[in-house]
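Note that ligands are numbered from 1 as they come in the structure, with each ligand's atoms numbered from 1 the same way. In this text, all values refer to a predicted model and were calculated from it rather than measured experimentally.
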Amino acid sequence: MTERPKIRLAVLASGGGSNLQAILDACRPPIGEASAPLYNLAEVAVVVSDKPGAYALERAKKAGVEALLLDPKGFPDRAAFYQKAVVELQSRKIDLILLAGYMLKLEPNIIKSFQGRILNIHPALLPKFGGKGMYGHFVHEAVLKAGEKESGATVHVVDEEFDHGPVLLQNKIPVLPGDTAESLAERVLEQEHKLYPEAVAAYLRKIFG
Ligand code: GRF
């Protein structure tokens with residue numbers, strides 16, 4: 001039987017890229033007990049960052065994956081920046097875009113070019129605690145301030161509003177007495193690393209059969 005070609009992923013990341021790492025690892029053969037939900041299914045074809053020096057670019061190089069810096073500073077406006085991004089992604093035959101700690105808002109041109117083919121991970125249980133300004137420690141501080149009993153991570157399809165499109169999968173964890181934004185962030189991030197590869201694999205099976 002001929003093997004089916006792997007689905008080509010692009011990961012967009014502005015920072016450290018621990019979620020990128022989880023996706024890269026999930027594309028490799030499983031080691032021991034660890035699961036590798038994207039093995040034989042998908043590969044990361046390119047990692048794109050808007051931030052020179054982002055550690056995500058180093059992670060890509062270490063994994064032997066193309067690392068592409070696309071700095072919006074070099075473009076007259078965001079629409080032009082994303083037009084260039086679309087050209088770069090289409091020329092690499094990207095099937096699905098994963099946002100992994102990507103801090104810039106997407107413009108309609110890239111969303112339309114990859115309609116239903118862009119996913120994001122958010123460190124809270126959407127639709128709560130999402131939207132403009134809800135990133136990093138702000139999310140976890142808001143969860144604690146609201147006295148929530150649980151938090152978690154959400155993977156969703158990206159639309160034109162921040163943290164807004166259809167939810168694909170969530171992992172919940174309890175908020176513990178004495179939790180700080182840092183301790184909660186750490187436990188949510190652990191969940192993110194499990195959730196994102198699983199959600200991507202499930203979504204790929206759904207849209208590509
Ligand atoms: C994660 O918490 C993710 O949910 C959010 O940004 C953070 C990125 O972390 N969108 P990392 O760069 O993947 O380590």
Requested in this report: Verify the cluster assignment for L20 and V155: are they in a single hydrophobic cluster under the rule of side-chain heavy atoms below 4.5 Å apart?
Outcome: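 Same hydrophobic cluster.
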
**Report entry** Flag, side chain of E43 to backbone of C27, donor-acceptor distance under 3.5 Å
**Finding:** no

Report task. Non-hydrogen atoms closer than 4.0 Å to ligand 1: which protein residues do they belong to? List them by chain and number, please. Result ->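 Under the 4.0 Å cut-off, ligand 1 touches G16, G17, S18, N19, G101, I121, H122, P123, E192.
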
**Report entry** Residues K61 and E58 bridged, charged N to O under 4.0 Å
**Finding:** yes

Query raised in the report: Salt bridge between E88 and K84, side-chain N to carboxylate O under 4.0 Å?
Result: yes

Requested in this report: Count the heavy atoms of every other residue, nucleotide or ligand shown that sit under 6.0 Å from CG of L176, and state whether that count exceeds 12.
Outcome: yes

Requested in this report: Would you check if D50 and L12 make a side-chain contact, meaning some heavy-atom pair closer than 4.5 Å?
Outcome: no

